[in-house]
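Numbered from 1 within each chain, the chains take letters A, B, ... in sequence-line order.
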Amino acid sequence: MVDYQPKDFESKWQEYWQEKGLFTIDVEDKTKPKYYCLVMFPYPSSELHVGHARNYVIGDAVARYKAMRGFYVLAPMGWDAFGLPAENQAIKNKIHPKTWTLKNIERITDQLKSWGIGYDWDKEVTSCEPDYYKWTQWIFLKLYEAGLAYKKYAPVNFCSSCKTVLANEQVIEGCCERCSTEVEEKKMEQWFLKITDYTEHLLCDLDLLTDWPQKVKIMQENWIGKSLGVEIDFPIIDSDKKISCFTTRVDTIFGATYVVLAPEHTLIKEWIENDSVSPEVVEFVKNMKRHAVKTQDLAELEKEGVFTGKYAINPMTDEKIPIYTANYVLISYGTGSVMAVPTHDERDFEFAKKYDLPMRVVIDTSEVPIKLNEMKGAYEGEGILVNSGEFNGLKSEDAKDEIARYMEEHNIGRSGVQYKLRDWLISRQRYWGAPIPIIYCDQCGTLPVAEKDLPVILPEDVEFKPTGDSPLKYCEDFVNTKCPKCGGAAKREVDTMDTFVDSSWYYLRYITPRNKKEAFDTKLVNKWLPVDQYIGGIEHATMHLIYARFITKALFNLKLIDFKEPFAKLFTQGMIIKDGVKMSKSKGNVVAPDALIEKYGVDTMRLYILFMGPPEKDAEWSDRGVEGAFRFLNRFWRLYDTFQTYSAQEINNTREAELNRIFNLTIKKVTIDMEGGFKFNTAISFIMELLNQLQSDVAQCCVSKKLLSKILEALLVLIYPFAPHISEELWQKMGKTSSVLENSLWPECDESALIQETIEMPVQINGKLRGKVEVANEADEEEIREIVLSNDKVKVFIQDKLIRKFIVVKKRVVNIVI
RNA sequence: GGGCAGGUGGCGGAAUGGCAGACGCGCAGGACUUAGAAUCCUGUCCUUCCAAGGGUGCGGGUUCAAGUCCCGCCUUGCCCACCA
């Protein structure tokens with residue numbers, strides 16, 4: 001007996017696959033249906049651990065399965081190679097970001113190859129290489145031409161530790177997504193991409209994404225944050241100006257007893273400038289600026305504000321109501337001002353109590369009338385309008401329409417929509433990114449770099465200092481250039497692009513990665529895209545996955561591609577947990593794949609990762625579980641070994657038929673699990689069950705060699721997506737030429753082997769014939785002793801065993817018809 | 001505060017409304033062996049010799065039948081969060 005020694009053959013097969021080019025795709029091929037299987041490309045920082053492996057192992061299982069189902073599968077790999085960590089390393093360890101990045105890429109490439117992941121390495125892309133970022137810049141120019149890229153002086157999120165600005169999506173609870181430093185607000189001139197032009201499309205087209213997890217779609221929906229409401233004008237007393245306030249609860253307008261402006265509101269600024277507010281207000285606004293971003297948990301922040309000394313008019317009640325400015329109103333949402341209805345908004349209630357502002361109940365519930373002096377908090381639900389003039393008695397729902405109509409007729413307000421989504425800030429004051437291809441000329445202004453002058457090369461010979469400034473700023477050769485229009489001296493933009501720009505289009509580049517003439521070949525991209533299956537972590541739900549959708553839609557509108565959504569199906573895998581926390585280098589709980597592979601071989605690692613639980617859920621790593629997977633592969637191996645010398649001694653027809661049934665059932669169940677989603681854990685368990693049965697039949701020599709041989713062959717195909725190396729090796733040992741992948745197709749289930757003939761049995765309920773039971777033919781009539789229904793319960797007795805109802809006879813389903 | 005997903009043995013987890021606990025881990029007993037941390041066999045939800053019950057976070061309901069569907073709670077995790 002030869003032991004299972006994966007080390008003896010795993011690398012052999014990896015080389016074989018590469019040499020034969022089994023994963024190398026001719027994108028022009030038209031003979032087979034295409035299947036684009038994409039895993040999110042990694043940021044190459046250090047080496048991969050088993051937590052990372054899950055993504056690639058899942059992707060490979062899908063790719064290999066689809067290949068065996070007759071698809072022409074494109075599975076590319078590349079590198080999201082620009083980014084901050086490389087630059088931080090450079091400052092800390094005096095390594096050039098490029099050196100550091102390329103070294104990591106080399107190491108990770110070796111790892112992926114040693115795991116036997118079947119990538120088409122000819123399609124490899126690296127976002128930090130000029131032949132890639134040239135086209136990132138080109139896309140920027142296209143967006144610029146289309147008016148989708150613009151520069152503005154705006155308050156931005158600034159991380160003092162990373163020394164750069166961040167997109168809204170990169171600010172988590174007021175802190176930097178990367179380093180958790182509190183984000184400061186700064187005013188800077190920055191480049192934005194006009195993602196807000198696509199808000200409605202991004203929202204509506206979520207409906208097209210029927211094969212995306214609901215969770216991701218909901219997260220995007222919430223992130224876009226659409227609210228329908230009314231924008232109401234509140235005239236300011238002694239002024240011709242109006243304050244417009246957005247509300248989703250126009251039905252509460254009669255309860256609006258004051259108005260609040262955000263401290264950053266332009267009116268406040270104006271009043272301070274023309275000296276028409278008290279020093280108290282000036283002081284408050286000044287302090288607000290200092291504290292505005294200091295607080296992590298805004299929701300728990302004590303509400304503070306001051307009376308501006310000015311009044312507005314509630315256009316529905318014609319009452320004079322005070323104008324306040326307060327910290328709880330956000331400048332970045334809506335109009336930066338709100339109508340306050342203390343009785344029906346918790347925040348306003350809290351503020352009004354504190355500053356003793358007037359309140360009026362305008363919504364009541366039918367059951368318990370609300371009494372103002374007994375209110376302990378706002379009533380935020382809907383109800384019947386009271387104290388609301390001619391609208392009294394209406395339901396909130398109807399009142400919203402009626403009042404909106406009234407306001408539009410009287411030019412008091414208008415129906416409107418508000419979104420939370422902001423434009424995408426892409427400027428980064430960092431070195432290691434794609435330079436923004438813009439030139440500033442004193443004479444001609446802001447100009448795009450000409451297409452023929454791309455790429456704007458990122459200079460490599462720069463000095464890294466922990467000053468916080470981008471080294472590009474001090475790189476004279478880079479900064480100084482000629483104006484593309486007048487030819488005079490001009491300066492380059494020194495900011496680089498957010499790396500999410502790089503990753504928002506890489507799936508297009510994979511089709512023709514070496515194309516020197518264009519970013520992508522429209523015809524081929526239209527053929528291969530959208531991606532059939534995209535696989536990655538859920539952490540990209542509101543960042544990468546929104547950006548990529550936006551860029552796709554923009555390119556669609558520019559008629560460069562003919563699809564509106566980049567990813568037809570999305571799968572988000574769960575994290576691998578160790579000791580209760582996410583596996584990560586910084587937590588010190590990583591399991592290194594190298595040692596694991598050394599000990600058990602890579603198929604064991606792959607199989608365990610797929611078997612440990614449903615792949616969309618987080619899963620706790622267990623070293624024991626790995627051993628279990630290893631034991632299984634050992635048993636698998638030994639079975640093929642014993643088969644060589646196997647001879648049937650006593651063929652038992654019943655057992656043979658039963659084995660054949662289980663075999664076909666296994667094919668069916670595994671196929672369903674593969675087709676129906678990513679149910680690798682149960683698919684593998686069915687294969688284990690079949691193996692258990694097989695092992696016991698072989699031990700008893702009661703099954704024909706012919707059937708065994710058939711099953712063993714099919715088993716190698718079934719297990720191939722999960723453990724391809726052992727599959728190939730045993731395939732060869734069974735005397736087959738070439739490989740499983742080249743030679744075989746997924747086994748078909750012989751449905752006739754599953755069919756159970758049934759007989760009908762009468763069912764008596766309380767002595768009366770009430771129906772019939774269908775029973776598998778194996779249960780002879782005399783075996784069914786009794787079928788009774790007592791206390792309204794049907795009981796089926798077979799011999800002495802009670803089978804509760806229409807269940808199973810000798811593992812066969814029995815149906816009852818009453 | 002809002003949204004989403006969960007809660008099943010000692011553990012990871014299975015169950016188109018139809019034998020709850022597949023498969024794996026662990027554990028116990030046995031076989032083989034000089035040896036076993038290899039391998040194989042048997043057992044392993046609880047009460048119980050058997051028989052028969054009970055059992056999927058808690059409380060109700062629908063159904064011949066509920067882990068699964070409905071209503072109300074408790075609880076854990078994740079995401080978003082003064083978004084008017």
Before giving the answer on side-chain hydrogen bond (donor to acceptor under 3.5 Å, both in side chains), spell out for N55(A) and Q573(A) the whole-Å C-alpha distance, their side-chain angles and the decisive distance to 0.1 Å. CA-CA 7 Å; N55(A) 192 222; Q573(A) 88 274 3; 3.2 Å; yes
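Judged as a salt bridge (Lys or Arg N to Asp or Glu O under 4.0 Å), the pairs with a partner in residues 217-228 of chain A (not counting sequence neighbours) are, in order, E200(A)-K226(A).
One interatomic measurement links the two molecules: NZ of K354(A) to P of C82(B), which rounds to 18 Å at whole-angstrom precision. Distance, Y258(A) OH to A84(B) P: 16 Å, rounded to whole Å. Across the protein-nucleic acid pair, K226(A) atom NZ and A84(B) atom C1' stand 18 Å apart, rounded to whole Å. Q220(A) places its CD atom 16 Å from the P atom of C79(B), with the value rounded to the nearest Å. Note: CE (M688(A)) to P (C23(B)) measures 10 Å, nearest angstrom. When the P atom of C80(B) is taken as reference, atom CE of M543(A) falls 8 Å away, rounded to whole Å. G24(B) atom P lies 12 Å from atom CD1 of I687(A), rounded to whole Å. One atom, CD of Q573(A), and another, P of C78(B), lie 18 Å apart when rounded to the nearest Å.
In the set A22(B), C80(B), A84(B), the nucleotide with an atom closest to the side chain of E689(A) is A22(B).
Nearer to the 5' terminus of RNA chain B, by closest-nucleotide assignment, is the contact made by M219(A) (compared with the other of D345(A) and M219(A)). With the nearest nucleotide of RNA chain B identified for both Q418(A) and N222(A), N222(A) has the one nearer the 5' end.
The base of C78(B) is not paired with the side chain of K215(A) by any donor and acceptor separated by under 3.5 Å.
Looking only at side-chain heavy atoms (C-beta outward), E304(A) and F284(A) come within less than 4.5 Å of each other. Considering only heavy atoms from C-beta on, F686(A) stays 4.5 Å or farther from L665(A) through its side chain. Inter-residue side-chain proximity for I363(A) and R249(A) is flagged as met; some heavy-atom pair is nearer than 4.5 Å. Considering only heavy atoms from C-beta on, T671(A) stays 4.5 Å or farther from C749(A) through its side chain. Inter-residue side-chain proximity for L357(A) and Y324(A) is flagged as met; some heavy-atom pair is nearer than 4.5 Å. At a threshold of 4.5 Å between non-hydrogen side-chain atoms, the residues L545(A) and R549(A) do not count as touching.
As rounded to the nearest Å, U62(B) and C70(B) have P atoms that lie 15 Å from one another. Nucleotides U8(B) and G3(B) place their P atoms 25 Å apart, quoted to the nearest Å. For the C1' atoms, the distance linking G77(B) with A15(B) amounts to 24 Å, nearest Å. Using P as the reference atom, A66(B) and G53(B) are 15 Å apart when rounded to the nearest Å. Comparing the same atom, C1', in U16(B) and in G67(B) gives a spacing of 15 Å after rounding to whole Å. Taking the P atoms as reference points, C23(B) lies 13 Å from C41(B), given to the whole Å. Taking atom C1' in both A65(B) and C19(B), the straight-line distance is 12 Å, to the nearest Å. For the C1' atoms, the distance from G6(B) to A84(B) is 32 Å, rounded to whole Å.
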Tabulated below should be each protein N or O lying under 3.5 Å from an N or O of nucleotides 37-44 of chain B; please produce it.
unit_1 : atom_1 : unit_2  : atom_2 : d
U39(B) : O3'    : R638(A) : NH2    : 3.0
C40(B) : OP1    : R638(A) : NH2    : 3.4
C40(B) : OP1    : Q695(A) : NE2    : 3.3

Give me, pair by pair, the N or O atoms of the protein and of nucleotides 10-16 of chain B that are less than 3.5 Å apart, along with how far apart they are.
unit_1 : atom_1 : unit_2  : atom_2 : d
G12(B) : O2'    : M612(A) : O      : 2.8
A14(B) : OP1    : N681(A) : ND2    : 3.2

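Cation-pi check for K303(A) over F351(A) is not met; the charged atom does not lie both under 6.0 angstrom from the ring centroid and within 45 degrees of its normal.
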Counting Watson-Crick and G-U wobble pairs with both distances under 3.5 Å, what is the dot-bracket string for RNA chain B, 5' to 3', using [ ] for crossing pairs and | for pairs to another strand? (((((((..(((.....[....)))((((((.......))))))(((....)))..(((((..]....))))))))))))....
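At A84(B), none of the side-chain N or O atoms of Y328(A) fall inside 4.0 Å of OP1 or OP2 (strictly under the cut-off). Applying the 4.0 Å criterion to OP1 and OP2 of A84(B), one finds that R249(A) has every side-chain N and O outside that range.
In this structure, S622(A) reaches neither bases nor backbone, as no heavy-atom distance under 4.0 Å exists between it and the strands shown. If you check every strand for non-hydrogen atoms under 4.0 Å, S227(A) touches sugar and phosphate atoms only. V341(A) comes within 4.0 angstrom of nothing in the nucleic acid, heavy atoms only.
Under the 90° criterion around 0 for the glycosidic angle, G9(B) counts as syn.
With W637(A) as the partner, the ring-ring contact (aromatic ring centres under 6.0 Å, His included) test is satisfied by one option alone out of F630(A), F632(A), Y4(A), F643(A): Y4(A).
With sequence neighbours excluded, the residues satisfying salt bridge (charged side-chain N to carboxylate O under 4.0 Å, His left out) with R414(A) are E231(A), D233(A).
In this structure, E658(A) does not pair ionically with R655(A), as no charged nitrogen and carboxylate oxygen lie closer than 4.0 Å. Contact check on K582(A) versus E539(A) returns no salt bridge, with no Lys/Arg side-chain nitrogen under 4.0 Å from an Asp/Glu carboxylate oxygen.
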Could you list the donor-acceptor pairs under 3.5 angstrom formed by side chains in residues 677-684 of chain A, with sequence neighbours left out?
unit_1  : atom_1 : unit_2  : atom_2 : d
T682(A) : OG1    : D673(A) : OD2    : 2.6
T682(A) : OG1    : K679(A) : O      : 3.2

